[in-house]
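Reckoned from all heavy atoms, side chains included, excluding hydrogens, waters and symmetry mates.
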Amino acid sequence: MADAIFIGGLVLAILCAVVMKARQALREDADTPQGLAPGTGDHIIEVEYSSGLGGGHATRIRVPRDPQAYARAFVPMRERPAAPRDKPSQAGSRTAGNGTGARAIAARDRKKDEQE
């Protein structure tokens, strides 16, 4: 009976110590901002893998610093709104000579600038 009381008291003391330490850690971290500050550009993560037998792989992963740009990366392609330059022309080709090509748009912009 005395052993059960001793073990119960020991478990209770350890539990109280863990709870007190967790509360202390939460209070200390309350003023620390979480994550990274949003900004422009990308974080670059370099990943290298070596099999040990002479083979391997190295790559760079770019993660946008802007939270909205990061979230847009997870939207499926079929559900993303098409940008105006990505919409096909009525002729079915962006280079059909109907004024939707990059050169035609640049010429149109130059004309607008000259008229202003």
Side-chain angles (χ1 to χ4, degrees):
M1 182 74 173
D3 290 338
I5 293 174
F6 175 74
I7 291 174
L10 188 60
V11 168
L12 187 61
I14 292 172
L15 183 65
C16 286
V18 168
V19 168
M20 288 176 19
K21 184 65 179 169
R23 291 185 66 189
Q24 177 187 6
L26 286 174
R27 272 188 260 121
E28 288 176 358
D29 291 341
D31 297 335
T32 306
Q34 298 292 317
L36 299 170
T40 58
D42 296 330
H43 295 288
I44 299 174
I45 302 170
E46 295 187 13
V47 180
E48 295 181 16
Y49 164 75
S50 175
S51 68
L53 299 174
H57 178 73
T59 188
R60 288 184 176 179
I61 300 171
R62 293 182 174 271
V63 180
R65 290 183 182 177
D66 178 25
Q68 295 300 320
Y70 182 76
R72 281 192 295 270
F74 291 96
V75 175
M77 290 296 281
R78 66 180 178 272
E79 294 181 16
R80 291 183 189 177
R85 66 176 183 266
D86 291 341
K87 291 181 182 177
S89 66
Q90 293 177 349
S93 172
R94 284 189 227 153
T95 59
N98 58 3
T100 60
R103 289 182 182 165
I105 293 172
R108 197 174 329 138
D109 290 342
R110 279 193 301 271
K111 282 184 181 180
K112 285 181 185 178
D113 291 340
E114 289 171 2
Q115 290 174 357
E116 293 177 352

For Arg60, what residues pass the salt bridge (Lys or Arg N to Asp or Glu O under 4.0 Å) criterion, not counting sequence neighbours?
Glu46
With Val75, which residues qualify under side-chain contact (heavy atoms from CB on, under 4.5 Å), at least two apart?
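For Val75, the residues satisfying side-chain contact (heavy atoms from CB on, under 4.5 Å) (neighbours in sequence not counted) are Glu79, Arg80.
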Please identify each residue that fulfils side-chain contact (heavy atoms from CB on, under 4.5 Å) with Arg62, with sequence neighbours left out.
Asp42, Ile44
Who are the side-chain hydrogen bond (donor to acceptor under 3.5 Å, both in side chains) partners of Glu48, not counting sequence neighbours?
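Result, side-chain hydrogen bond (donor to acceptor under 3.5 Å, both in side chains) vs Glu48: none returned.
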In chain order, what residues pass the side-chain hydrogen bond (donor to acceptor under 3.5 Å, both in side chains) check against Gln68, with sequence neighbours excluded?
none
If you group Ile, Leu, Val, Met, Phe, Trp and Tyr whenever their side-chain heavy atoms sit less than 4.5 Å apart, what else falls in with Leu12?
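Reading the cluster by chain and number, Leu12 sits alone, since nothing else belongs.
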Rest of the hydrophobic cluster containing Phe74 (Ile/Leu/Val/Met/Phe/Trp/Tyr, side-chain heavy atoms under 4.5 Å)?
Ile45, Val47, Ile61, Val63, Tyr70
Strictly by salt bridge (charged side-chain N to carboxylate O under 4.0 Å, His left out), give each pair with a member in residues 12-23 just once, sequence neighbours left out.
none
Return the minimal non-hydrogen interatomic distance between Arg65 and Thr40, and the atom names on each side.
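For Arg65 versus Thr40, the nearest heavy atoms are CD-O, 3.4 Å.
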